[in-house]
Amino acid sequence: MVVDELSDETVDRLFHALADATRRDILRRCVRGELSVSRLAEAYPMSFAAVQKHVAVLERAGLVTKQRSGREQLVRTDPEAVARARLALDELEAAWRGRVDRMARLLAEDSGAEEPGTRPSATGRNDSTEGPEQ
């Protein structure tokens, strides 16, 4: 189970990094091919330092790696990290679907236990809703 293999702190960093639209866009751009931080910075209406900070958040989450090439730092997406994020989401979805299915079964069992024309009384017994009162 992927979520069990990743610590809560790791999953938190991963989804914190993915929570920002600029970081998701940087990730998408780097999936197409490695780019320098300066080349990435050209695409955004923010300072070079701000883009560097976004890349650092992605790097701490393990979603990208940086490699120095001369004077530039090249950013590349780590496909395994992206796959871990997807699997973590799939695991969470499976857990929630299991809970919803269990609730649906319990509700179905509960509604099948009551006989038509009866309702639970304050004492917990079923009282008839039809016929003369006693």
Side-chain angles (χ1 to χ4, degrees):
M1 225 164 50
V2 172
V3 174
D4 289 342
E5 292 175 9
L6 300 175
S7 71
D8 286 342
E9 184 178 318
T10 301
V11 173
D12 288 347
R13 276 195 308 266
L14 186 66
F15 290 115
H16 169 73
L18 293 171
D20 183 85
T22 300
R23 290 192 287 266
R24 289 191 307 273
D25 190 61
I26 290 171
L27 196 59
R28 277 191 291 272
R29 288 173 187 268
C30 292
V31 164
R32 295 184 206 126
E34 64 184 21
L35 295 168
S36 68
V37 176
S38 57
R39 181 73 183 251
L40 283 168
E42 293 172 3
Y44 302 102
M46 62 182 73
S47 69
F48 176 81
V51 173
Q52 276 185 311
K53 288 180 182 179
H54 281 298
V55 170
V57 170
L58 290 166
E59 190 175 27
R60 278 193 302 274
L63 291 165
V64 299
T65 58
K66 284 191 305 192
Q67 180 179 354
R68 186 161 289 283
S69 176
R71 293 178 50 200
E72 295 185 316
Q73 291 187 53
L74 299 178
V75 181
R76 120 178 4 124
T77 299
D78 180 355
E80 289 180 22
V82 175
R84 283 192 306 269
R86 173 60 191 226
L87 291 172
L89 284 173
D90 288 347
E91 187 67 30
L92 291 171
E93 179 185 13
W96 277 105
R97 287 188 185 275
R99 290 178 181 172
V100 169
D101 289 345
R102 285 190 300 277
M103 287 189 320
R105 282 194 303 273
L106 287 171
L107 289 171
E109 290 172 10
D110 190 44
S111 66
E114 293 180 21
E115 295 176 24
T118 63
R119 68 179 189 287
S121 70
T123 62
R125 296 185 322 240
N126 283 336
D127 294 333
S128 176
T129 56
E130 298 176 10
E133 293 186 345
Q134 297 176 350

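Values in this document were obtained by computation on a predicted structure and should not be read as measured data. Residues: numbered from 1 along the sequence shown. Scope of the values below: all heavy atoms of this structure, side chains included, with no hydrogens, waters or symmetry mates.
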Show which side-chain atoms of residues 49-61 pair as donor or acceptor with protein atoms under 3.5 Å away, not counting sequence neighbours.
{"residue": "His54", "atom": "ND1", "partner": "Arg23", "partner atom": "NH1", "Å": "3.2"}

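Of the inter-residue distances, the one linking Glu34 atom CD with Thr65 atom OG1 reads 8.5 Å to the nearest 0.5 angstrom. Between Phe48 atom CZ and Leu40 atom CG the span is 9.5 Å, to the nearest 0.5 Å.
In terms of the side chain to side chain contact (heavy atoms under 4.5 Å, CB included) criterion, residue partners of Arg97 (sequence neighbours excluded) are, by chain and number, Glu93.
Remark: Arg68 CZ is packed, more than 12 non-hydrogen atoms of other residues, nucleotides or ligands lying under 6.0 Å away.
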* Could you go through the side-chain contact (heavy atoms from CB on, under 4.5 Å) check for Val64 and Asp78 one step at a time? => CA-CA 5 Å; Val64 299; Asp78 180 355; over 6 Å; no

Requested in this report: May I have the step-by-step check of side-chain contact (heavy atoms from CB on, under 4.5 Å) for Thr77 and Leu63, ending in yes or no?
Outcome: CA-CA 6 Å; Thr77 299; Leu63 291 165; 6.0 Å; no

Applying salt bridge (charged side-chain N to carboxylate O under 4.0 Å, His left out), run through Glu9 and Arg13 and close with a yes or a no.
-> CA-CA 6 Å; Glu9 184 178 318; Arg13 276 195 308 266; 2.8 Å; yes

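At least one side-chain heavy atom of Met46 sits less than 4.5 Å from a side-chain heavy atom of Thr22. Arg86 has its side chain within reach of Asp90: a pair of non-hydrogen atoms, C-beta onward, lies under 4.5 Å apart.
Applying the side-chain contact (heavy atoms from CB on, under 4.5 Å) test between Val75 and each of Leu27, Leu35, Val37 identifies Val37 as the sole match.
Within the 3.5 Å criterion, the main-chain N or O of Leu18 finds a donor-acceptor partner in the side chain of Arg24.
Among residue pairs with one or both ends in residues 37-50, those qualifying as side-chain hydrogen bond (donor to acceptor under 3.5 Å, both in side chains) are Asp25-Tyr44, Arg29-Tyr44, Ser36-Ser38; sequence neighbours excluded.
Of the charged side-chain nitrogens involved, none lies within less than 4.0 Å of a carboxylate oxygen, so that Arg105 and Glu109 do not count as a salt-bridged pair.
Taking each heavy atom of Ala88 and Phe15 in turn, the nearest pair found is CB-CZ, 4.1 Å.
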